[in-house]
K.L.:
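Sharing a structure below in structure tokens format, with a few things to ask.
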Amino acid sequence: MNELFQCKAKVLFNAPEIDKMPSAYDFSFLLLNGEKLELGKLLGKVLLIVNTASECGFTPQLKDLELLHQEYKDKGLVVIAIPSNDFGGQEPGTIEDITHTACEIFHATYYITQKYHIAGVNAHPFYTWVNKEVGFLGRPRWNFHKIMIGKSGKLIDWFSSATKPTNKKLKEAIDEALAE
């Protein structure tokens, strides 16, 4: 009987299973130009991932994201914009429309992906993972919700849509994450 218990314990508490728990580095996106952005290739960087929309009242944050990108890119921060039409239908455009708004109007040079669902049953797997990690209160409810991923690939913080990328608390959180 003791052997049976030990056998079951090995199955239930198999240490390698713990090592397989997902992190942000398990996911990828397609960029506007069609290239694959594998988050796993950003190991050791701090990621700020923001769901964006071109026709939102928060759209001027695209400029603030660029300011943040310029200030921190050489220190190890990677900014990634994920356009989505999930909230208010405020990203109805094509890849060309998104490129025009982000790159030509707001001069973005950070990563910008193709349009993805971030909410609901069709959500990109990254956002399904995010929702499990942050729980009910921390999941994106509108455009320009910010997710911070630490150097190890673990979700370490989130910031609401109203929090500007140049906000003092957000920048302090970036500094702290970069120092780890």
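Everything numeric here is computed off the predicted structure, so don't read it as measured data.
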K.L.:
If hydrophobic clusters are built from ILVMFWY residues whose side chains come within less than 4.5 Å, do Leu67 and Ile105 share one?
P.N.:
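Each belongs to a different hydrophobic cluster.
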
K.L.:
Return the set of residues passing side-chain hydrogen bond (donor to acceptor under 3.5 Å, both in side chains) with Asp97 (not counting sequence neighbours), or none when no residue passes.
P.N.:
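In terms of side-chain hydrogen bond (donor to acceptor under 3.5 Å, both in side chains), with neighbours along the sequence ignored, Asp97 is linked to Thr94.
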
K.L.:
Any non-hydrogen side-chain atom of Leu39 less than 4.5 Å from a side-chain atom of Ile80?
P.N.:
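Side chain of Leu39 against side chain of Ile80, heavy atoms only: contact under 4.5 Å found.
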
K.L.:
Suppose the criterion is side-chain hydrogen bond (donor to acceptor under 3.5 Å, both in side chains): which pairs have a residue in residues 114-128, not counting sequence neighbours?
P.N.:
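The answer is Asp86-His117.
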
K.L.:
Is the backbone of Ala53 close enough, under 3.5 Å, to the side chain of Thr59 for a donor and an acceptor to pair up by distance?
P.N.:
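Yes; at least one donor-acceptor contact below 3.5 Å.
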
K.L.:
Locate the shortest heavy-atom distance separating Leu137 from Trp158; write the atom from each residue and the value.
P.N.:
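Looks like O-CH2, 3.5 Å.
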
K.L.:
What's the spacing between Glu176 CD and Ile174 CD1 if we round to 0.5 Å?
P.N.:
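Answer for the CD-CD1 pair, Glu176 versus Ile174, is 11.5 Å.
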
K.L.:
Measure the shortest side-chain to side-chain distance between Leu68 and Leu77 over non-hydrogen atoms and say whether it is less than 4.5 angstrom.
P.N.:
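Yes, at least one pair of side-chain atoms sits under 4.5 Å.
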
K.L.:
I need the Ile82 CD1 to Ile147 CD1 distance, nearest 0.5 Å.
P.N.:
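Rounded to the nearest 0.5 Å, the CD1-CD1 separation comes out at 10.5 Å.
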
K.L.:
Hydrophobic clustering (ILVMFWY, side-chain heavy atoms < 4.5 Å, transitive) - are Ile49 and Leu30 grouped together?
P.N.:
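Result: yes, single cluster for both.
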
K.L.:
State the CG-CG distance between Leu37 and Leu32, to the nearest 0.5 angstrom.
P.N.:
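Rounded to the nearest 0.5 Å, the CG-CG separation comes out at 11.0 Å.
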
K.L.:
Would you say Val46 and Leu43 are hydrophobically clustered, going by side-chain heavy atoms of ILVMFWY under 4.5 Å?
P.N.:
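Val46 clusters together with Leu43.
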
K.L.:
Looking at Tyr111, I'd like to know if its OH atom is crowded, meaning that more than 12 non-hydrogen atoms belonging to other residues, nucleotides or ligands lie closer than 6.0 Å.
P.N.:
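Incorrect, the count does not exceed 12.
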
K.L.:
Would you sort out whether Phe144 and Asn51 count as a side chain to side chain contact (heavy atoms under 4.5 Å, CB included), showing the intermediate values?
P.N.:
CA-CA 5 Å; Phe144 290 88; Asn51 63 298; 5.7 Å; no

K.L.:
Work out which heavy atom in Pro140 is nearest to a heavy atom in Ile118; give both atom names and the distance.
P.N.:
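Smallest interatomic distance, heavy atoms only, reads CB-CD1, 3.9 Å.
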
K.L.:
Holding to side-chain hydrogen bond (donor to acceptor under 3.5 Å, both in side chains), I want the full list of residues that pass it with Ser160, two or more places apart in sequence or in another chain.
P.N.:
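Checked Ser160 against side-chain hydrogen bond (donor to acceptor under 3.5 Å, both in side chains); matches are Thr163.
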
K.L.:
Please name the pair of heavy atoms, one in Ile112 and one in Cys103, separated by the smallest distance, quoted to 0.1 Å.
P.N.:
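Where Ile112 meets Cys103 most closely, the heavy atoms are CD1-SG, 4.1 Å.
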
K.L.:
Apply side chain to side chain donor-acceptor pair (under 3.5 Å) to residues Ser84 and Glu91 and explain how you reach the verdict.
P.N.:
CA-CA 6 Å; Ser84 179; Glu91 187 61 88; over 6 Å; no

K.L.:
When you look at Leu48 and Ile149, which way does the side chain to side chain contact (heavy atoms under 4.5 Å, CB included) test go after all the steps?
P.N.:
CA-CA 6 Å; Leu48 185 67; Ile149 305 297; over 6 Å; no

K.L.:
Hey, are Thr109 and Gln70 close enough side-chain-wise for a donor-acceptor pair under 3.5 Å?
P.N.:
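Thr109 and Gln70 do have a side-chain donor-acceptor pair below 3.5 Å.
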
K.L.:
Run through Val79, Leu155, Leu42 and flag the one making a side-chain contact (heavy atoms from CB on, under 4.5 Å) with Leu47.
P.N.:
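The single option meeting the side-chain contact (heavy atoms from CB on, under 4.5 Å) with Leu47 is Leu42.
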
K.L.:
Just wondering, do Leu62 and Tyr110 contact through their side chains at under 4.5 Å, heavy atoms?
P.N.:
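Yes; the side chains approach each other to less than 4.5 Å.
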
K.L.:
Which atom pair, heavy atoms only, marks the closest approach of Ser23 to Gly153?
P.N.:
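Nearest pair, atom of Ser23 first, then Gly153: CB-O, 3.4 Å.
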
K.L.:
Measure across Glu55 and Pro92 and return the closest heavy-atom pair with its distance rounded to 0.1 Å.
P.N.:
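In terms of heavy atoms, the two residues are closest at OE2-CG, 3.6 Å.
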
K.L.:
Which pairs pass side-chain hydrogen bond (donor to acceptor under 3.5 Å, both in side chains) with one or both residues in residues 134-147, sequence neighbours excluded?
P.N.:
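Qualifying pairs, neighbours excluded: Gln61-Lys146, Gln90-Asn143.
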
K.L.:
With sequence neighbours excluded, tell me which residues meet salt bridge (charged side-chain N to carboxylate O under 4.0 Å, His left out) with Glu38.
P.N.:
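Expected list: none.
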
K.L.:
Decide if atom NZ of Lys151 counts as having more than 12 heavy atoms of other residues, nucleotides or ligands within a radius under 6.0 Å.
P.N.:
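Correct, the count exceeds 12.
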
K.L.:
Would Phe106 and Glu66 satisfy side chain to side chain contact (heavy atoms under 4.5 Å, CB included), going step by step from the backbone distance to the final call?
P.N.:
CA-CA 8 Å; Phe106 291 101; Glu66 179 61 22; over 6 Å; no

K.L.:
Is there side-chain contact between Asp175 and Tyr72, with heavy atoms separated by less than 4.5 Å?
P.N.:
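Result yes, sub-4.5 Å side-chain heavy-atom pair found.
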
K.L.:
Quick check for you: to the nearest 0.5 Å, what is the distance between Lys45 atom NZ and Lys73 atom NZ?
P.N.:
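Reported value, rounded in 0.5 Å steps: 11.5 Å.
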
K.L.:
Which atom names give the shortest non-hydrogen contact between Thr113 and Pro83, and what distance separates them?
P.N.:
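Distance-wise, the nearest heavy atoms are O-CD, 3.1 Å.
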
K.L.:
Side chains of Thr99 and Glu104: do they bring a donor and an acceptor to under 3.5 Å?
P.N.:
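Note: Thr99 and Glu104 side chains miss the donor-acceptor criterion.
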
K.L.:
Counting only heavy atoms not in Lys75 (residues, nucleotides, ligands), do more than 12 fall under 6.0 Å from its NZ?
P.N.:
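It does: Lys75 NZ has more than 12 such atoms within range.
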
K.L.:
Let me confirm one number: the NZ-NZ distance from Lys36 to Lys41, rounded to the nearest 0.5 Å.
P.N.:
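Interatomic distance, Lys36 NZ to Lys41 NZ, rounded to 0.5 Å: 8.5 Å.
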
K.L.:
Are Lys154 and Glu133 close enough for a salt bridge, meaning some N to O gap below 4.0 Å?
P.N.:
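Not counted as a salt bridge, because no side-chain N and carboxylate O are separated by less than 4.0 Å.
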
K.L.:
Got a sec, which residues hit side-chain hydrogen bond (donor to acceptor under 3.5 Å, both in side chains) with Glu35, two or more places apart in sequence or on another chain?
P.N.:
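With neighbours one apart ignored, the set is Asn33.
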
